[in-house]
S.K.: 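This structure is in structure tokens; I'll ask about it shortly.
Reminder, nothing fancy here: chain letters follow the sequence lines and each chain counts from 1. All values derive from a computational prediction rather than experimental measurement.
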Amino acid sequence: MLSCKQATELMSQEQDRRLGLTERIGLRLHVLICDACSNYRRQMAFLRQACRRFGSGGAP
Amino acid sequence: MEPDRHSELNALRPDLLRFARLQLRDAGAAEDAVQETLLAALAGGKNFEQRSAYKTWLISILRNKIIDIIRSQGREAPLSTLADNDEAEEAMIDALFETDGHWRAEMRPARWADPEASLEQQQFWRVFEACLDHLPEKTARVFMMREVLGLETEEICKETGISTSNCWVVLHRARLALRACLQQGWFAGAEA
């Protein structure tokens, strides 16, 4: 079972590379039972969205 | 009516300079990038109805100038030669997690209320920029190449001389730190 610390590493890396099957399954299981990491994952997606917007000059 | 391009450019200049400085962390290089962008913009002579569309166009030129500068800097003084901030960054991670790898109780990420709405608020972007600026230089530069300039990890490795696995570590630390900073500086106050 992944720890939260390991899960956050994978949640970062999934933004930069395709995770392997074992990693994807491990992460999916972890996020299912861990609210904090599930929030973290949504926040990672939001960070990306904010950075893209910032990089395209779309920030007001 | 032809809007006054020079005064438009002057009004947007501080925004462009801030954008370039955040990413290059070098006032002189940022100034060069903005200067070249303004020259290209004046030569390009496009017309835009709205200032926001004009700014988007200028930022797209500036982004390319910044990438050019990063490439030439990469040849002269690769980022890999910059000092790592390992100790401080390890301490940051230790402050978030227990030794068994669980979130510390007070650090567990809570749900952010309507984060998309924040993107429309100027004050959010001031906090966002301050959080980016707060990252250690090497971390910030790698992170912005990836997320703001949109380069792939492979290209970042090539330009910086950092290994792929190190690149992942740096990006992970940047995301942890940036999330924590936004939590503290923005979302903690916005929670209902």
Side-chain angles (χ1 to χ4, degrees), chain A, chain B residues 12 15-16 19 22-23 52-60 62-63 93 96-104 107-112 115-116 118-122 124-125 128-129 132 143-144 146-150 152-153 156 164 167-169 171-176 178-179 182-183 187:
Chain A
M1 187 70 199
L2 291 174
S3 71
C4 297
K5 192 176 174 182
Q6 292 168 322
T8 59
E9 286 166 17
L10 289 180
M11 288 188 278
S12 176
Q13 289 183 25
E14 72 178 337
Q15 312 230 20
D16 305 313
R17 68 174 175 93
R18 186 167 163 74
L19 299 183
L21 184 61
T22 318
E23 292 172 320
R24 289 207 301 277
I25 293 171
L27 185 55
R28 189 178 298 173
L29 285 176
H30 182 96
V31 170
L32 263 178
I33 58 160
C34 179
D35 282 347
C37 286
S38 159
N39 290 333
Y40 187 85
R41 199 183 207 179
R42 273 195 294 274
Q43 290 163 5
M44 287 300 104
F46 171 74
L47 266 191
R48 169 149 290 178
Q49 189 188 352
C51 287
R52 293 277 151 93
R53 176 108 174 237
F54 181 69
S56 62
Chain B
L12 288 166
D15 284 353
L16 300 179
F19 185 84
L22 263 175
Q23 295 178 71
S52 64
Y54 192 49
K55 182 180 168 191
T56 302
W57 180 62
L58 289 172
I59 291 274
S60 72
L62 179 57
R63 227 174 34 225
I93 293 178
L96 294 173
F97 299 100
E98 305 280 359
T99 43
D100 66 3
H102 281 90
W103 289 102
R104 290 187 187 277
M107 296 299 179
R108 289 172 61 83
R111 187 187 274 270
W112 285 349
E116 277 76 14
S118 301
L119 298 177
E120 309 307 327
Q121 298 178 42
Q122 262 183 359
F124 168 80
W125 292 103
F128 183 80
E129 286 182 22
L132 285 176
F143 179 75
M144 283 192 251
R146 177 77 187 106
E147 297 293 342
V148 177
L149 299 174
E152 291 299 328
T153 320
I156 296 172
T164 310
C167 203
W168 288 331
V169 170
L171 288 169
H172 170 50
R173 288 173 177 175
R175 289 172 178 130
L176 274 176
L178 198 52
R179 192 213 72 89
L182 288 177
Q183 168 67 36
F187 289 103

S.K.: Search all heavy atoms of B/L119 against all heavy atoms of A/A50 and return the closest pair with its distance.
M.R.: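 In terms of heavy atoms, the two residues are closest at CD2-CB, 3.9 Å.
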S.K.: So, taking the atom named CH2 in B/W103 and the one named SG in A/C37, what distance separates them when rounded to the nearest 0.5 Å?
M.R.: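 Answer for the CH2-SG pair, B/W103 versus A/C37, is 6.0 Å.
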S.K.: Verify side-chain contact (heavy atoms from CB on, under 4.5 Å) between A/R42 and B/R111, making sure each step is shown before the conclusion.
M.R.: CA-CA 9 Å; A/R42 273 195 294 274; B/R111 187 187 274 270; 3.3 Å; yes
S.K.: Heavy-atom distances under 4.5 Å only: say whether B/T56 touches chain A with side chain, backbone, both or neither.
M.R.: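 For B/T56, the contact with chain A is made by backbone and side chain together.
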S.K.: Any idea which heavy atoms bring A/G55 and B/R63 closest together, and the distance?
M.R.: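 For A/G55 and B/R63, the tightest heavy-atom pair comes out as O-NH1, 2.6 Å.
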S.K.: With a 4.5 angstrom heavy-atom cut-off, which part of B/L149 approaches chain A: side chain, backbone, both or neither?
M.R.: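 Contact with chain A: none, neither part.
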S.K.: B/H172 and A/T8: which non-hydrogen atoms are nearest, and at how many Å?
M.R.: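 Nearest heavy atoms, B/H172 then A/T8: CE1-OG1, 3.3 Å.
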S.K.: Does B/R146 reach the main-chain N or O of A/Q15 with its side chain, forming a donor-acceptor pair under 3.5 Å?
M.R.: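 Confirmed, B/R146 side chain pairs with A/Q15 backbone.
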S.K.: Looking only at heavy atoms and a cut-off of under 4.5 Å, which of B/E116, B/M107, B/R173, B/Q121 has the most pairs with chain A?
M.R.: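 Answer, by heavy-atom pair count under 4.5 Å with chain A: B/E116.
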S.K.: For chain B, which of A/S56, A/A7, A/C34, A/A36 has the most heavy-atom pairs under 4.5 Å?
M.R.: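 Among A/S56, A/A7, A/C34, A/A36, the one with the most close pairs to chain B is A/A36.
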S.K.: For the residue pair A/F54 and B/E147, establish whether any side-chain heavy-atom pair is separated by less than 4.5 Å.
M.R.: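 Side-chain contact under 4.5 Å: no.
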S.K.: Please look at B/I156 and chain A and tell me whether the side chain, the backbone, both or neither of the residue comes under 4.5 angstrom of a heavy atom of that chain.
M.R.: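 The answer is neither part of B/I156.
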S.K.: Once rounded to the nearest 0.5 Å, what's the spacing between atom CG of B/L96 and atom SG of A/C4?
M.R.: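 If I round to the nearest 0.5 Å, the distance is 11.5 Å.
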S.K.: Is A/R48 in contact with chain B via its backbone, its side chain, both, or neither, using a 4.5 Å heavy-atom distance?
M.R.: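 Both backbone and side chain of A/R48 come within 4.5 Å of chain B.
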S.K.: Select, from B/E129, B/H102, B/E120, the one with the greatest count of heavy-atom pairs under 4.5 Å involving chain A.
M.R.: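 Going by pairs under 4.5 Å, I would pick B/E120.
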S.K.: Once the angle between the rings of A/F46 and B/F187 is folded into 0 to 90°, is it parallel (under 30°), tilted (30 to 60°) or perpendicular (over 60°)?
M.R.: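 Perpendicular: the ring planes of A/F46 and B/F187 meet at over 60°.
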S.K.: Quick one: what part of B/I93 sits under 4.5 Å from any heavy atom of chain A, side chain, backbone, both or neither?
M.R.: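 It is the side chain, since no backbone atom gets that close.
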S.K.: Output the option from B/D100, B/L182, B/L176 having the highest count of non-hydrogen pairs under 4.5 Å with chain A.
M.R.: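 Option with the top pair count is B/L176.
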S.K.: Side chain, backbone, both or neither: which part of A/Q6 has a non-hydrogen atom closer than 4.5 Å to chain B?
M.R.: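 Answer is neither: A/Q6 stays 4.5 Å or more from chain B.
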